[in-house]
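Every number for a ligand or one of its atoms is a count from 1 in the order of the listing. Only this structure's heavy atoms are used, side chains among them; waters, hydrogens and symmetry mates stay out.
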Amino acid sequence: MSSAAAALVVPRPSFAAPSVLRAEPVSLQVLPEGQGKTALWGFNGFSPGPELRVRKGDTLSLRFENHTEQPSSIHWHGIRIENAMDGVPGLTQPLVQPGETFDYVFQLPDAGTYWYHSHHQSWEQVARGLYGPLIVDEADAPKVDSDITAILDDWRLDESGALMAGFGDTHDFSHAGRLGNFAMILLSQDTVRLGDRLRLRLINTTTARIFPIRIDGLDAKVVALDGMSLAEPRDLSDIQLAPAQRVDVIGDVTAQVDFRFVARDALYDMGSLKIDGQNTNPVAPNIAALPAPSVSIPKTTPNQTLSLRMEGGAMGGRHAGDDIWALNGVSGLKDEPFATFKRGETAVIELINDTRFPHGIHLHGHHFYELRQDGSLGDLRDTSLVERGISRKIAVVLDNPGKWLLHCHMLGHQASGMKTWIEVT
Ligand code: C2O
Ligand code: CU
């Protein structure tokens with residue numbers, strides 16, 4: 001794999017949010033300046049799409065216009081959203097055909113770092129660039145000098161910079177997914193001052209790649225995962241982000257801030273924030289926890305205890321067709337949900353990875369707690385990375401009525417069977 005010498009700066013609109021999100025062909029300088037541009041799909045002229053920025057409790061009202069050649073839809077990842085706005089064709093809305101529009105109107109119940117992306121043929125449409133950041137500000141946000149969105153993505157490019165074909169490749173699907181050969185961090189600005197207090201919002205928008213990331217030049221703490229604040233900020237060691245996961249970091253600049261991808265054999269430069277001047281009036285050194293999340297706490301005695309076994313894939317007995325992967329022996333969406341809950345019930349679900357690959361399991365419409373070994377509540381997430389051969393329990397209060405997907409966010413795995421749904425009545 002190769003990577004960029006310098007981070008790419010993406011424009012950030014100064015207005016709160018556009019009222020139209022127009023999916024359309026765009027191009028991006030992924031290869032170094034002077035080499036070929038990459039033809040992608042994006043929103044409003046750019047990939048990533050515009051940063052949508054609102055305050056907790058606000059309502060977003062957006063008209064999605066599809067100017068691509070494929071049907072599509074938009075999913076608002078991690079938002080505890082009203083079901084009809086969740087963006088899942090066939091489950092919550094019809095497909096939006098080329099030339100058609102769909103109006104999304106929804107409230108943002110939680111502050112934090114979220115994102116939006118296509119939810120149709122997503123293994124291709126997200127890889128082509130149909131995604132963008134969605135940032136919900138706390139009513140009482142901590143003071144920082146710069147609040148920077150940092151998107152981690154990879155692309156599979158040929159020498160001219162064109163995306164390579166073969167999005168639906170069965171070999172990719174039955175293994176780790178479509179991994180790019182070129183990775184980069186897309187930053188909302190590219191310089192900072194020594195001594196600046198930064199908030200970094202890292203978002204993994206790849207369809208398959210797990211990024212272990214090292215950040216140098218920052219004396220920092222991790223303050224949130226998947227949008228939700230940690231009760232106690234944690235030391236910043238190497239951070240791991242599975243596809244769709246987010247990490248918020250707050251810290252002070254001690255030198256040029258370098259982002260490196262920690263691969264088995266080497267460290268790859270993903271991009272950096274260069275130093276431009278000195279902050280003579282730094283923010284006080286302590287880094288406090290962000291305001292606590294308002295997600296319901298699971299009951300200690302769950303109403304339902306379930307297990308979800310991930311099966312299939314290469315070396316797992318299934319290699320071809322639409323059913324390379326399965327959950328509890330079932331591939332893809334069936335008419336019957338995996339489980340039905342009464343609103344407010346607590347479920348404990350054991351995620352059992354009986355395959356040779358890691359999977360990032362995402363539940364729509366809710367956040368859940370990962371349980372620690374001793375059964376206590378661990379991190380609050382919307383996407384849980386389950387390494388091969390292990391199992392992890394999650395606990396969740398199903399308090400959002402509707403039909404919700406539960407699937408692997410390695411999008412080629414989702415496409416080839418690793419998805420199901422639940423219903424909350
Ligand atoms: Cu981020 Cu069902 O997806
Ligand atoms: Cu998977």
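- At least one donor-acceptor pair under 3.5 Å links the side chain of Glu345 to the backbone N or O of Lys342.
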- [ ] Before giving the answer on side-chain contact (heavy atoms from CB on, under 4.5 Å), spell out for Glu138 and Leu290 the whole-Å C-alpha distance, their side-chain angles and the decisive distance to 0.1 Å.
- [x] CA-CA 8 Å; Glu138 293 85 9; Leu290 299 171; 3.9 Å; yes
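- Taking 2.8 Å as the threshold, His77 counts as a candidate ligand of atom 1 (Cu) of ligand 1, since one of its N, O or S atoms lies below it.
- The tally of protein N/O/S atoms under 2.8 Å from the Cu ion (ligand 2) stands at 3.
- No option in His364, His77, His119 other than His77 meets the ring-ring contact (aromatic ring centres under 6.0 Å, His included) test with His409.
- Put simply, His409 stays out of reach of atom 2 (Cu) of ligand 1, with no N, O or S atom under 2.8 Å from it.
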- [ ] Would you please test Gln245 and Ile239 for side-chain contact (heavy atoms from CB on, under 4.5 Å) and show each step?
- [x] CA-CA 11 Å; Gln245 290 186 326; Ile239 301 174; over 6 Å; no
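- In summary, His117 places an N/O/S atom under 2.8 Å from atom 1 (Cu) of ligand 1, meeting the contact criterion.
- Atoms NE2 of His119 and NE2 of His364, as seen from atom 2 (Cu) of ligand 1, are separated by an angle of 100°, to the nearest 10°.
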Task: Pair Arg260-Asp216, side-chain contact (heavy atoms from CB on, under 4.5 Å): steps then yes or no - done: CA-CA 8 Å; Arg260 294 198 178 90; Asp216 291 322; 2.7 Å; yes
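- By the neighbour-count criterion of 12 heavy atoms within 6.0 Å, atom CG of Asp335 is sparsely surrounded, having that number or fewer from other residues, nucleotides or ligands.
- Residue pairs meeting the ring pair (Phe, Tyr, Trp, His ring centres under 6.0 Å) criterion with at least one partner in residues 383-404, sequence neighbours excluded, are His366-Trp404.
- Counted within 6.0 Å of NZ on Lys393, heavy atoms from surrounding residues, nucleotides or ligands total 12 or fewer; the atom is thus considered open.
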